[in-house]
Amino acid sequence: MIVVYVVIAVLVVIGLAVIVSHNRFARQRNLVEESWRQVDVELARRHDLIPNLVETVKGYAAHERQVFEEVTKARNLAAAPGSTPAAQAQQENVLTAVLGRLFAVAENYPDLEASANFGQLQDELSETEDRIAAARRFYNGNVRAFNTRIEAFPSSIVAARMHLTKAEYFETDDASRARPDVSFDASAPAPPPPPPPPS
C-alpha cells in the first residue's frame, strides 16, 4: 500500500507541475502578445507622423519628388497589417533609411527652421522613436523569457504538448534609427536655388 500511495503522490505532483507549467506558458504567451500590441501602437504613431512630415518638407522642396515617393512607399509597406515581428523590423529599417534621406533634403532648406510645424514634427518623431525603443525592449524581454522556457527541460515537454513555438524578436538597426541631426546654421552659405519643376 505504501508503494501505491507513493506512486499516487508522485503522479499528483507531476500532474500539478504540468498544470502549473501550462498556466505559466499561457500567461507568458499572452504577455508576449500584449507587449507586441504596445510596439504596434507606437509604430502606428510613427507611421501617422510621416505624411505630415513629408508634406511640410514638400512645401519647401516640392521638386524632390523621388524622395517623397520613396518615403511614402516605405511608410505604406511598414504600416500594412499582418507582418510578423521579424518582417516588421525589416520594413521599419527600410523606412528609417529613407527618412534619413528626407532629413538630408531638409538640411538644404534653412527656411524650414522658421517652420514651427517642422520642429514640432521632429520632436514628436524623436519622442516616438524613444517610445518604440522602450516598447521593443519590453517585448524582446518577454520573448526571451518565453523562448527560454520553451527550450528548457522539463518545461519543453509541456511546450511540445501545447504545440508552442519560439516567438520572434523585434530587432531593428539602432544605428540607422538615430534621427539625423538637422543643422540650420544661419552663417552657412545659402544653398543653390532648386531647379524649376519639369513642365
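- With sequence neighbours left out, Glu127 forms a salt bridge (Lys or Arg N to Asp or Glu O under 4.0 Å) with Arg131.
- The closest side-chain donor-acceptor pair between Glu168 and Thr84 falls under 3.5 angstrom.
- When only modelled atom types and interatomic distance are considered, Thr128 and Arg45 share a side-chain donor-acceptor pair under 3.5 Å.
- Here CD of Glu107 is found 11.0 Å from CG of Leu102. Values are rounded to the nearest 0.5 Å.
- The side chain to side chain contact (heavy atoms under 4.5 Å, CB included) test with Leu99 is passed by exactly one of Val94, Val67, Val71, Val54: Val71.
- Checked against Leu125 for a side chain to side chain contact (heavy atoms under 4.5 Å, CB included), the options Leu53, Asp130, Asn52 give a single hit: Leu53.
- Considering CZ of Phe103 and CG of Asn108, their distance stands at 14.0 Å, rounded to 0.5 Å.
- In terms of hydrophobic clustering, with Ile, Leu, Val, Met, Phe, Trp and Tyr side chains grouped at heavy-atom distances under 4.5 Å, Val12 and Val20 are assigned to different clusters.
- Using a distance-only test at 3.5 Å, with no hydrogens or angles considered, a donor-acceptor pair links the side chain of Asn147 to the main chain of Ala167.
- Hydrophobic clustering, with ILVMFWY side chains joined whenever heavy atoms are under 4.5 angstrom apart, groups Tyr169 together with Val32.
- A salt bridge links Lys58 with Glu55: at least one charged nitrogen is closer than 4.0 Å to a carboxylate oxygen.
- A 4.5 Å side-chain heavy-atom check between His47 and Leu43 finds at least one atom pair inside the cut-off.
- Applying the side chain to side chain donor-acceptor pair (under 3.5 Å) test to residues at least two apart or on different chains, none of the pairs has a partner in residues 153-164.
- Here the closest non-hydrogen pair linking Arg29 and Leu164 is NH1-CD2, 3.4 Å.
- Looking at Thr172 and Thr96, their side chains never come closer than 4.5 Å, going by heavy atoms from C-beta outward.
- Arg136 places none of its side-chain heavy atoms less than 4.5 Å from the side chain of Glu42.
- Leu77 and Val39 fall into different hydrophobic clusters, where Ile, Leu, Val, Met, Phe, Trp and Tyr side chains are chained together by heavy-atom contacts under 4.5 Å.
- Within the structure, the salt bridge (Lys or Arg N to Asp or Glu O under 4.0 Å) test picks out the following pairs touching residues 73-90 (sequence neighbours left out): Asp48-Arg75.
- No side-chain heavy atom of Tyr109 sits less than 4.5 Å from a side-chain heavy atom of Val57.
- When hydrophobic side chains of Ile, Leu, Val, Met, Phe, Trp and Tyr are connected at separations under 4.5 Å, Phe138 ends up clustered with Leu31.
- Evaluation of the salt bridge (Lys or Arg N to Asp or Glu O under 4.0 Å) rule for Glu70 yields Arg101 as partners, not counting sequence neighbours.
- Relative ring orientation between Phe170 and Trp36 is described as perpendicular, the plane-to-plane angle rising above 60° on a 0-90° scale split at 30° and 60°.
- With rounding to the nearest 0.5 Å, the separation of CG in Leu121 from OG in Ser115 is 7.5 Å.
- The structure places CZ of Phe68 at 8.0 Å from NE2 of His63, a figure rounded to the nearest 0.5 Å.
- Between the CG atom of Leu95 and the CD atom of Gln88 there is a distance of 9.5 Å, given to the nearest 0.5 Å.
- For the pair Ser83 and Gln90, the minimum side-chain heavy-atom distance is 4.5 Å or more.
- Here the side chains of Phe25 and Ile150 are in contact, with some heavy-atom distance below 4.5 Å.
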CA sep, side-chain torsions, deciding dist, call: Glu151, Lys166, salt bridge (Lys or Arg N to Asp or Glu O under 4.0 Å): CA-CA 9 Å; Glu151 294 177 337; Lys166 294 169 67 176; 2.7 Å; yes
Gln38 vs Glu34, side-chain hydrogen bond (donor to acceptor under 3.5 Å, both in side chains): CA-CA, chis, key distance, verdict: CA-CA 7 Å; Gln38 184 58 44; Glu34 180 184 342; over 6 Å; no
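- At least one side-chain heavy atom of Ile8 sits less than 4.5 Å from a side-chain heavy atom of Val4.
- Counting Ile, Leu, Val, Met, Phe, Trp and Tyr side chains that sit under 4.5 Å apart, directly or through other members, Leu11 shares a hydrophobic cluster with Val3, Val7.
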